[in-house]
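Hydrogens, waters and symmetry mates play no part in the numbers below; they use all other heavy atoms, side chains included.
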Amino acid sequence: MAALAGTVGLAALFPASGVSARVAGVACDLAVALLFFLYGARLSTRETLAGLRHLRLHGLVLAATFVLFPLLGLATALLTPVPLTGPLQTGVLFLCLVPSTVQSSVALTGAAGGNIPAAICAGTYSSLAGLVLTPLLSAWLLGSHTALSADGLLRIGLQLLAPFLLGQLSRPWLGGLLSRHKRVLTPVDRGSILLVVYTAFSAAVSQGIWGLATPLALLGLLAVLLALLAAALAATGLGARLLGLDRPAAVAAVLCGSQKSLANGLPMATVLFGAQAGLMVLPLMLYHQLQLIVGTVLAGRWSRAPTASAAGPVPAALSGPDAPPTPG
């Protein structure tokens, strides 16, 4: 969080322009390609296929991510308490099209006593589906706001899909090495994301971002994002109960289904929106912080709630953390 805030501040004080902006743009493209290559190289195909047994859970997470969220995003244009500027409203809808995350979903699921392997697979499937669905949904729902065309699809293929597939192909040689040096690769992951943030916000500063993101608009944006998160948590909790998921699976479904990936969303935004990405990724960045804060509070409360039978239905603790579990 501190690094993201610092990067935005750096871009505000010292935005890249002219030659430096072109250099930063090229470096950003290379960093995004490297990021998706590492995703592919670290993804275990065997573990991913083994996770298919949790079909109800994965179906719920995918439906929440790519059906419920887009509908909620469209509804925000009608329900926004404070009118948002065009780019911010577009950014809210783009946020709703981004896949779920893996890292924070797994960490929060583990802290809450949920099904960690299921959370890993749910986040992975969402990320894989997002490589295709997020650009297509963006082209459909955002229309002229995106640079998606035949050339845009080719760029997405070359910058996102091709490195990912190349990483998968190289996994037999690199998978073990990357698994043994996860801590070394963390700065590469985070550094790539921060470079994307700096490049996007530098362009936004040059376009007058602070004239559009007024305090009133930011307060309205915060209210919309909190409403989105609350609706997603409530809907996934209800869906888990209706599907009869046991408590650990339900925890994973609720946390995975309500999360959005900053690591995937920011690179996609730079490809889809180009120089206009700066203000449009602000909703995603704020939502990412909110989901971590709210998710941490919920995970802490759920971890202290009475546990239900592993074979029983979803406990009432998911709708009220201190309520007793539903009998199995």
(request) Among Ser100, Ser261, Ser127, find the residue that satisfies the side chain to side chain contact (heavy atoms under 4.5 Å, CB included) test when tested with Thr65. (result) Ser100

(message) For Val92, run the side chain to side chain contact (heavy atoms under 4.5 Å, CB included) check against Val224, Leu284, Leu286 and tell me which one passes.
(response) Val224

(request) Could you tell me the separation between the CG atom of Asn115 and the CG atom of Leu255, rounded to the nearest 0.5 Å? (result) 12.0 Å

(message) Assess, by modelled atom type and distance only, whether the side chains of Ser258 and Gln291 contain a donor and an acceptor separated by less than 3.5 Å.
(response) no

(request) May I ask you to test the Val294-Leu233 pair for a side-chain heavy-atom distance under 4.5 Å? (result) yes

(request) Dump the intermediate steps for side-chain contact (heavy atoms from CB on, under 4.5 Å) on Gln259 and Leu108, then the final yes or no. (result) CA-CA 11 Å; Gln259 301 269 312; Leu108 292 173; 3.7 Å; yes

(message) Quick check against the 3.5 Å criterion: does Thr134 have a side-chain atom that pairs as donor or acceptor with the backbone of Leu97?
(response) yes

(request) For Arg247 and Trp302, work out which heavy atoms get closest and say how close. (result) NH2-O, 2.8 Å

(message) If I compare all heavy atoms of Gly257 with all of Phe69, which pair ends up nearest, and what's the gap?
(response) O-CE1, 3.3 Å

(message) Looking at every non-hydrogen atom in both residues, tell me the closest pair between Ala118 and His58 and how far apart they are.
(response) O-CE1, 3.6 Å

(message) Let me confirm one number: the CG-CG distance from Leu60 to Leu55, rounded to the nearest 0.5 Å.
(response) 12.5 Å

(request) Measure across Pro70 and Leu141 and return the closest heavy-atom pair with its distance rounded to 0.1 Å. (result) CB-CD1, 4.2 Å

(message) Quick one, Thr76 with Leu72, criterion side-chain contact (heavy atoms from CB on, under 4.5 Å). Give me CA distance, side-chain angles, the key distance, then yes/no.
(response) CA-CA 6 Å; Thr76 59; Leu72 291 174; 5.5 Å; no

(request) Hey, could you give me the CZ/CG distance between Phe37 and Leu169, rounded to the nearest 0.5 Å? (result) 9.5 Å

(message) As an exercise, state the distance from OG1 of Thr236 to CG of Leu57, rounded to the nearest 0.5 Å.
(response) 10.5 Å

(request) Could you walk me through whether His288 and Thr101 pass the side-chain contact (heavy atoms from CB on, under 4.5 Å) test, one step at a time? (result) CA-CA 10 Å; His288 183 264; Thr101 184; 5.8 Å; no

(message) Contact between Ser138 and Phe94 at the side-chain level, heavy atoms closer than 4.5 Å - yes or no?
(response) yes

(request) Kindly give the heavy-atom pair with the smallest separation between Ala111 and Ser303, and that separation in Å. (result) O-CB, 3.2 Å

(message) Would you say Leu74 ends up clustered with Leu68 if hydrophobic residues are merged whenever their side chains have heavy atoms under 4.5 Å apart, either directly or through other cluster members?
(response) yes

(message) Hydrophobic cluster membership, with links at side-chain heavy-atom distances under 4.5 Å among I/L/V/M/F/W/Y: are Trp140 and Leu133 in one?
(response) yes

(request) List the atom of Val61, the atom of Ala122, and the distance in Å for their closest heavy-atom pair. (result) CG2-CB, 4.2 Å

(request) Following the transitive rule for hydrophobic clusters with a side-chain heavy-atom cut-off under 4.5 Å over Ile, Leu, Val, Met, Phe, Trp and Tyr, establish whether Leu93 and Leu226 coincide in one cluster. (result) yes

(request) Report yes or no: does Lys260 contribute a side-chain atom to a donor-acceptor pair with the main-chain N or O of Val98 at less than 3.5 Å? (result) yes

(message) Once rounded to the nearest 0.5 Å, what's the spacing between atom CG of Leu95 and atom OH of Tyr287?
(response) 6.5 Å

(request) With rounding to the nearest 0.5 Å, note down the distance linking CG in Leu62 to CG in Leu128. (result) 10.0 Å

(request) Examine distances only and state if a side-chain atom of Thr296 and a backbone atom of Leu292 form a donor-acceptor pair shorter than 3.5 Å. (result) yes

(message) Taking ring pair (Phe, Tyr, Trp, His ring centres under 6.0 Å) as the cut-off, I'd like each qualifying pair that reaches into residues 225-259, sequence neighbours left out, listed once.
(response) none

